[in-house]
Enquirer: 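Okay, handing you the structure first.
Throughout, protein chains are lettered first and strands after them, A, B, ... in sequence-line order, and every chain is numbered starting at 1. We use all heavy atoms of the structure for the numbers below, so side chains are in, but hydrogens, waters and symmetry mates are not. Computed from a predicted structure; not experimentally measured.
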There are 2 protein chains.
Amino acid sequence: MDRGAVVRITDVAALAGVSPSTVSKALNDTGSLRESTRARVREAAERLGFVPDASARSLSARRSFTVGLLSTDSAGRFSLPVVLGAENALVGGELSALLATARHDPVREQHHVRALVARRVDGIIVTGRTTEPREPIKVPMPVVYAFAPSSDADDASVVPDDALGMRLLVEHLVGLGRRRIAYVGGRAEQAASLVRYETLAAELAARDLAAVGEPLYGDWSEQWGRRAVDQILAGGPGSGRADGALPVDAIVFASDQLARGGCDRLRERGLRVPDDVAVTGYDDWDVMSLASRPPLTTVDMQLERLGQRAAELLIAAIEGDPARGVERLAPRLVVRASTLGDG
Amino acid sequence: MDRGAVVRITDVAALAGVSPSTVSKALNDTGSLRESTRARVREAAERLGFVPDASARSLSARRSFTVGLLSTDSAGRFSLPVVLGAENALVGGELSALLATARHDPVREQHHVRALVARRVDGIIVTGRTTEPREPIKVPMPVVYAFAPSSDADDASVVPDDALGMRLLVEHLVGLGRRRIAYVGGRAEQAASLVRYETLAAELAARDLAAVGEPLYGDWSEQWGRRAVDQILAGGPGSGRADGALPVDAIVFASDQLARGGCDRLRERGLRVPDDVAVTGYDDWDVMSLASRPPLTTVDMQLERLGQRAAELLIAAIEGDPARGVERLAPRLVVRASTLGDG
DNA sequence: TACGATCAGGAAATCGGATTCCTAGTTTCC
DNA sequence: GGAAACTAGGAATCCGATTTCCTGATCGTA
């Protein structure tokens, strides 16, 4: 399209009958100019569709008004909302977002970091796929880590408060009178699986309760959720129908996917959720938590807000007020029919 | 953090004992320099960690080496893979990707377009949430539309070949001996629902067959998938168990979500998939198609490749070789147990 | 009336590289 | 041995906007 049509400041100046510097002052509300002059310049700029060249502006401002969004993975289910939340918050600050996905490849990541440095981004937000701490990146501008914290405690990180999330679930379940609670995690070596169990155990202990049986670990699939239910029920007397002596009255799953599988299997075995067994998930991933039968009580980590918060911290750092350490963002308990019946 | 640590070309020049222009030539392999000089400069640049300022480079090159990824929605299930595919392909071309999500807000979109123009991006890739044609954007640089084509046929667009996708499904089903095929769509007013039915009908007609009953439209939820199954079975003799006279021997769903719901309901009604009724989905969205019981035969639109292709077209356009019109990208048939049993 | 203060706006320097143009040396060749 | 042809590298210009000076005009006040 009209390639040559790029309007420069001199074009506006010519049309308005002033000098380029006057145009700059008029459009940026600086310097001292008669209001009539400003208006005339504005009108000329408007008429020509003048949009100042960001490269030139960056060059003299020594700022790019751009931040990098560096995602360790390919912006999957967890890092994507974070990225979107951040992008959203950045727009408000007149900043643009450069997307860089490393796809778990250190070489790619290095390449991206270099590119971001070359672009003199004002700052970088680093996100990951898991909550595992990660090696910090070395760059000459502020960095905020989101979801996956930096392993260097001096860096600024924002992570979901998993412990609080689990506490909310326990409060909810115990408040409903559930006492025999079992736990089903995902992959055993991942922090999300482990931390959630530890908090669960601690919270139960604080109420003179204990989890039923050992925590069960597998993977993050619905299939494992189903199998885990089988294992739990096999552990109690009368594996099938309730004779009033089910081994559990609630199962806490470490993800919505697991919970959904669990609900399916409970139903298939003739048990009612939540009447016989209450079920909770984690993540509030709508296609799982809402499509589950019944819909899941779960914890929303508020990942978009997490990204937004990371952006706020980054903007503050850019403006000379850097944060340090890990900030934990409170999640939100979402109560649905898997614990409350039709309530 | 070492904020002041930005190394300029003059620093490298000083260390190497040459002039800035020589440094530029040495690092860009231009001009005529002794190899020993180039090496000396390279070493100096290396030692100082010199990364040329992209703004300055853009300014004189009159190119930003950046492209905009403008997503109409907030990078959801469909536009996200497209965006990722594009970003991935751009990296290869030494281009950076500016992410801009409009979230269905025309004001936001306009804002983003302005920002992209200000940054003098070399080109823009526009993606949408649906395959509905959209109003083109007016900018002075090349644009490629992905997933949602431009309503102006002179623009370059890349879309999934939905007709072909449905043809592959019909070929597959008919090849398996299925003859009584019903169709369940999503929202009635959306192109995806309609086009898929039309192609289905046309392909069946070409084989002297016809769809069973009218196409059913609802929304895109699993719940609707379940209900649609009820409607279909109610239409035939003996709504429940098979007496050998089920009204259908296959159901084509317009999405994996619908199909998954359909499978669940068929199973709940005691019917076997695929023995009694074969089921197909659309999208190959893993959390649906793989988690379904049985896993779904479906169509993979190859959205990442779509984004990649859009990036290729854009790069070509930037290099002066623009494409015109709509390019349809062939999807891939993914055969799983919902049509083939354990095969 | 005159002189300092204020104001409007322009000229020029600046940001950091890329590129064009030049100028000393060095070769080459007759 | 001298002119033409290269070479290597430096000086200067440019990209487009911002910003700092600076100047001429207007204003206020003694």
Enquirer: Under 3.5 Å, sequence neighbours excluded: what are the donor-acceptor pairs made by side chains of residues 300-308 of chain A?
Expert:
unit_1   : atom_1 : unit_2   : atom_2 : d
A:Asp300 : OD1    : A:Gln302 : N      : 2.7
A:Asp300 : OD2    : A:Arg332 : NH2    : 3.0
A:Gln302 : NE2    : A:Ala330 : O      : 3.4

Enquirer: May I ask you to say what B:Arg63 touches in the nucleic acid, namely base, sugar-phosphate or nothing, with a heavy-atom cut-off under 4.0 Å?
Expert: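 Result for B:Arg63 = nothing.
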
Enquirer: Which residue pairs pass the side chain to side chain donor-acceptor pair (under 3.5 Å) test when at least one of the two sits in residues 56-67 of chain A, sequence neighbours left out?
Expert: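 Checked against side chain to side chain donor-acceptor pair (under 3.5 Å) - neighbours excluded - the pairs reaching residues 56-67 of chain A are A:Arg63-A:Asp122, A:Ser64-A:Asp122, A:Thr66-B:Arg119.
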
Enquirer: Could you check how far CG of A:Asp53 sits from P of D:dG16, rounded to whole Å?
Expert: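 Whole-Å distance recorded here is 7 Å.
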
Enquirer: Considering only nitrogen or oxygen atoms on both sides, find all protein atoms under 3.5 Å from nucleotides 12-14 of chain D and state each distance.
Expert:
none

Enquirer: Below 4.0 angstrom, N of the basic side chain to O of the carboxylate: do B:Glu43 and B:Arg38 qualify?
Expert: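 No salt bridge links B:Glu43 with B:Arg38.
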
Enquirer: To the nearest Å, give me how far apart CD1 (A:Ile9) and P (C:dG9) are.
Expert: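 Distance, rounded to whole Å: 15 Å.
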
Enquirer: Calculate the interatomic distance between A:Phe50 atom CZ and D:dG16 atom P; express it in whole Å.
Expert: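 Between P of D:dG16 and CZ of A:Phe50: 11 Å.
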
Enquirer: Tell me every residue that passes side chain to side chain donor-acceptor pair (under 3.5 Å) with B:Arg40, counting only those two or more places apart in sequence or in another chain.
Expert: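 Here no residue qualifies.
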
Enquirer: Roughly how bent is the helix from C:dT1-D:dA30 to C:dC30-D:dG1 end to end, in steps of 10 degrees, with each end axis from five pairs?
Expert: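 Answer for the end axes of this duplex: 50°.
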
Enquirer: Is the shortest heavy-atom distance from the side chain of A:Leu90 to the side chain of A:Asn88 under 4.5 Å?
Expert: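 They are not in contact (no side-chain heavy atoms under 4.5 Å apart), so the answer is no.
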
Enquirer: Would you kindly give the CZ-to-P distance between B:Arg119 and D:dG16, to the nearest whole Å?
Expert: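 To the nearest whole Å, that distance equals 17 Å.
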
Enquirer: Within this structure, what is the OG-CZ distance for the pair B:Ser71 and B:Phe147, rounded to the nearest 0.5 Å?
Expert: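 Between B:Ser71 OG and B:Phe147 CZ, I get 11.0 Å after rounding to 0.5 Å.
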
Enquirer: Please work out if A:Val18 contacts a base, only the sugar-phosphate, or nothing of the nucleic acid, heavy-atom cut-off 4.0 Å.
Expert: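 Answer is sugar-phosphate: A:Val18 comes under 4.0 Å of backbone atoms only.
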
Enquirer: Of all of residues 24-43 of chain A, which get a heavy atom below 4.0 angstrom from DNA chain C, listed by number?
Expert: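 Residues of residues 24-43 of chain A that come under 4.0 Å of DNA chain C are, in numerical order, A:Lys25, A:Ser32, A:Leu33, A:Arg34, A:Thr37.
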
Enquirer: Rounded to whole angstrom units, what separation is found between the CZ atom of A:Arg62 and the C1' atom of D:dT19?
Expert: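 Checked: the CZ to C1' distance equals 13 Å.
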
Enquirer: With DNA chain C as reference, determine whether B:Thr22 or B:Ala56 sits nearer its 5' end, using the nearest nucleotide of each.
Expert: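 So the residue in question is B:Ala56.
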
